[in-house]
Amino acid sequence: MSERMPVLYQKKPCYDIVFSQSFGELWAELSALECGDKRLCIVTDSKVDELYGEEILHLIGDKCQKAVKYVFPQGEENKTLDTVKGLYRFLIEEGFDRKDMLLALGGGVTGDITGYAAATYLRGIDYVQIPTTLLAQADSSIGGKTGVDFDGFKNMVGAFKMPRLVYMNSGALRTLDDRQYFAGFAEVMKHGLIRDALFYEWLIENMYEICERDLNVLQEMLVRSCNVKRLVVEKDPMEQGERALLNFGHTIGHAIEKTKNFKLYHGECVALGAVAAAYISWKKELLTMEEYYEVRDMFVPFYLPISVDDLDPQEVLRLTKSDKKMEAGSVKFILLKKIGKAVIDRTVTDEEILAAIEEINFSEEDAHA
Ligand code: GLY
C-alpha cells in the first residue's frame, strides 16, 4: 500500500511525497501533473541507469510527448557545473521548452544536479525527484535544496527549487550495497535525534527489520523520517533559522569528508560528526554522560563508524571553520539538548571542537592501550 504526504511551501500545498514499494504507480502520479503533454528527460548516473534507466523509460516512453535520458558518469566528482552544462546542451538539442520536465532518477548527486538545472534552464522548468538511495529518500530529495560543488567546496553554487513530486520506491533500497544503505541510515537516525525521540526509540526497536530491509518497516521508517524533515522545511524553507538543525553532525562531518578526500561516504561522516557533536553536548552539560554513550553506541548496530583512523585535529578544525566561514564569524554548531531535541549553539570553542575530534580519532596507540 502506498502512502502520500503533502508538503507545504510558504504555507501553501506545493508537492506530494509518495511512498511506494515499486515504480508501479509512477506514471499515474506523473499523469496527474499533466505529463502526457510534455517532453520528459530522465536524468540519471551510469550506475542507476544500468539498474532502472530502461525500466523508467519504458514506463513513460509511449505515454508522453517525448521521453529521453541523460546519463552522466557516477560519482560526487561529477557534481559540477560541467555536468549541468552537458545537460543544458542536451535539453536544447532535444527541444525542451519551459513546459517540459526533468525527472531526477538516482541518489543525492543526481537530485542536486537535476534540481539545479531545473532551477536555471530557461529561468526555471519543473522537475520530479525519484530518489533511489536511502540518503536521497530520507534527506536530499525533500526541501528543494539543489546545487553543485565548486572548486572543492561542497554545494557552493545552487538554488532553492521545489520539486513537483517526490516518488519514493523503497524497493529500490534493496539493490543498494550494504555500505551505501547504512550510510544513508545516518540521516534517518539524525531525524530521530534532532526532533523525534519516539522515532529514535522505534528505530532501535526495529533494528533487525531495518538491517534486513523489511519493506513494510522501511516504508514506515521513511514516512516517519520524512515527516521530521517536512516539519522543519515547511517552517523554514530557505534556512533562515530552524532548518540549520538538519545540519546536526554535518559541521565536523563535512570537514572529515574533505580531509579524507571523499573516501568515506557522506553518511559515514555524518555519523562521526554526530558523535562529535553529541560529545560536545555532553561536555557542555546539555546531555548526560549516559545519553552521550547511548547516542554514540547506537550507530554501531547499523554498521556506522564512531571513530576513524588518523585524523589531524588541527586540519579538521581548520576545515570545520572554513566550511562555515560565511556565517558572520561564528561557527554555528548544532548540539543536542536531549535525545529528540537539537539546538543551535554559537558558543563552541576551538578547544571543545579539538577535544571532540580527539574523541573520534582512532590511533594505533589507542589500539594497544
Ligand atoms: N540536508 C539538509 C537540508 O535539507 O537542509
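The structure displayed is predicted, hence computed values, not measured ones. The figures here come from the full heavy-atom set of this structure, side chains too, leaving out hydrogens, waters and symmetry mates. Just follow the structure's listing: the first ligand is 1, and inside any ligand the first atom is 1.
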*If you link I, L, V, M, F, W and Y whenever their side-chain heavy atoms are under 4.5 Å apart, who else ends up in the same group as L59?*
V18, F23, L26, W27, L30, L33, L40, I42, V48, L51, Y52, I56, L57, I60, M101, L103, L105, V128, I130, L165, Y167
Give every pair formed by an N or O atom of ligand 1 and a protein N or O atom closer than 3.5 Å, one pair per line with both atom names and the distance to 0.1 Å, or write none.
from: ligand 1; atom 1: 1 (N); to: D139; atom 2: OD1; distance (Å): 3.2
from: ligand 1; atom 1: 1 (N); to: D139; atom 2: OD2; distance (Å): 3.1
from: ligand 1; atom 1: 4 (O); to: K229; atom 2: NZ; distance (Å): 2.5
from: ligand 1; atom 1: 4 (O); to: R243; atom 2: NH2; distance (Å): 2.8
from: ligand 1; atom 1: 5 (O); to: K145; atom 2: NZ; distance (Å): 2.9
from: ligand 1; atom 1: 5 (O); to: R243; atom 2: NE; distance (Å): 2.7
from: ligand 1; atom 1: 5 (O); to: R243; atom 2: NH2; distance (Å): 3.4

*Return each pair, listed once, that meets side-chain hydrogen bond (donor to acceptor under 3.5 Å, both in side chains) where at least one residue sits in residues 54-64; pairs must be two or more places apart or across chains.*
E54-K69
*Return each pair, listed once, that meets side-chain hydrogen bond (donor to acceptor under 3.5 Å, both in side chains) where at least one residue sits in residues 208-217; pairs must be two or more places apart or across chains.*
Q21-N216, D178-R213
*Interatomic distance, D45 atom CG to T132 atom OG1 [nearest 0.5 angstrom]*: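 OG1 of T132 is found 7.5 Å from CG of D45.
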_Would you compute the distance between atom CG of L272 and atom CD1 of I360 and round it to the nearest 0.5 angstrom?_
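Between atom CG of L272 and atom CD1 of I360 there are 5.0 Å.
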*Ring-face cation contact, F153 with K258, 6.0 Å cut, 45° max*: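 Judged by the rule, K258 and F153 form a cation-pi pair.
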